[in-house]
Amino acid sequence: MDSTPVSPQFAARPGTDAARTWWAVCLCAGWCGTCRDYRPIFEDLARAHPGVRFEWVDIEDESELAGDLDVETFPTLLIADGARALFLGPLLPQAPVFTRLLGSLQAANEPASAGHDAQAVFERVRTARAR
């Protein structure tokens, strides 16, 4: 288990429409060295994208959020537009890769859904982390 202190989660700017706030959820594991290396990058990304809500979910400590989702590659990222999960998959722990992906999803007229499993995970995370 990772003993790193948990950093505060980064929410969207006050006054933004909560239903349309984009979310970036990192599904990780405390034992994963790549996830530990990615965490400061993820936190930097949160500061660089204040309109996106960033959440860090350790799928072992918060297994109820992952549900039946079988995460095989870490880190796995879930990106949602506030209502729909649009991306779920492993992502290189590099800020420019995330930024390009987020930009392409935000620019798409009708981005495809990431599927039922991704949507279910997003809904559990959104409910658990509502504030």
Side-chain angles (χ1 to χ4, degrees):
M1 184 179 295
D2 184 6
S3 62
T4 306
V6 176
S7 300
Q9 302 301 313
F10 296 89
R13 285 187 199 124
T16 59
D17 179 0
R20 297 308 300 171
T21 298
W22 284 77
W23 289 61
V25 180
C26 186
L27 303 171
C28 62
W31 52 261
C32 174
T34 304
C35 292
R36 284 191 304 271
D37 292 345
Y38 188 41
R39 185 140 194 185
I41 296 167
F42 193 73
E43 290 174 354
D44 287 345
L45 285 164
R47 285 185 284 278
H49 299 277
V52 177
R53 181 163 178 159
F54 284 73
E55 295 289 339
W56 190 266
V57 175
D58 185 313
I59 65 166
E60 292 178 340
D61 290 347
E62 299 179 280
S63 60
E64 70 282 359
L65 297 181
D68 293 333
L69 183 69
D70 187 18
V71 177
E72 295 180 9
T73 304
F74 295 99
T76 289
L77 210 66
L78 184 150
I79 299 176
D81 68 1
R84 292 184 315 136
L86 303 175
F87 175 85
L88 176 67
L91 194 71
L92 293 172
Q94 300 170 354
V97 174
F98 170 84
T99 300
R100 281 192 305 274
L101 175 60
L102 178 64
S104 68
L105 290 170
Q106 289 176 326
N109 286 333
E110 292 293 325
S113 167
H116 176 73
D117 290 341
Q119 187 66 34
V121 171
F122 172 61
E123 289 175 10
R124 285 192 295 271
V125 170
R126 182 176 56 189
T127 299
R129 302 287 172 87
R131 45 179 186 280

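Position 1 is the first residue of the sequence, and the numbers go up from there.
- Residues forming a side chain to side chain donor-acceptor pair (under 3.5 Å) with Glu123 (at least two apart in sequence, or on another chain): Gln119.
- Under the rule for a ring-ring contact (aromatic ring centres under 6.0 Å, His included), the partners of Phe98 that lie at least two apart in sequence or sit in another chain are His49, Phe54.
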Could you walk me through whether Val52 and Trp23 pass the side chain to side chain contact (heavy atoms under 4.5 Å, CB included) check?
CA-CA 5 Å; Val52 177; Trp23 289 61; 5.7 Å; no

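- Remark: Asp44 pairs with Arg47 by the salt bridge (charged side-chain N to carboxylate O under 4.0 Å, His left out) rule, at least two apart or across chains.
- A search for side chain to side chain donor-acceptor pair (under 3.5 Å) contacts involving Asp37 returns nothing, not counting sequence neighbours.
- Here the shortest heavy-atom pairing between Leu27 and Leu88 reads CD1-CD1, 4.0 Å.
- With sequence neighbours left out, the side chain to side chain donor-acceptor pair (under 3.5 Å) criterion links Glu62 to Arg129.
- For residues 100-116, no pair satisfies side chain to side chain donor-acceptor pair (under 3.5 Å), with sequence neighbours left out.
- Proximity of Val125 to Val57: side-chain heavy atoms (C-beta onward) are separated by under 4.5 Å at one or more points.
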Derivation and outcome, side chain to side chain contact (heavy atoms under 4.5 Å, CB included), residues Leu105 and Asp81
CA-CA 9 Å; Leu105 290 170; Asp81 68 1; over 6 Å; no

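- A search for ring-ring contact (aromatic ring centres under 6.0 Å, His included) contacts involving Phe74 returns Trp31, not counting sequence neighbours.
- Residues satisfying the side-chain contact (heavy atoms from CB on, under 4.5 Å) criterion with Ala108, sequence neighbours excluded, are Pro111.
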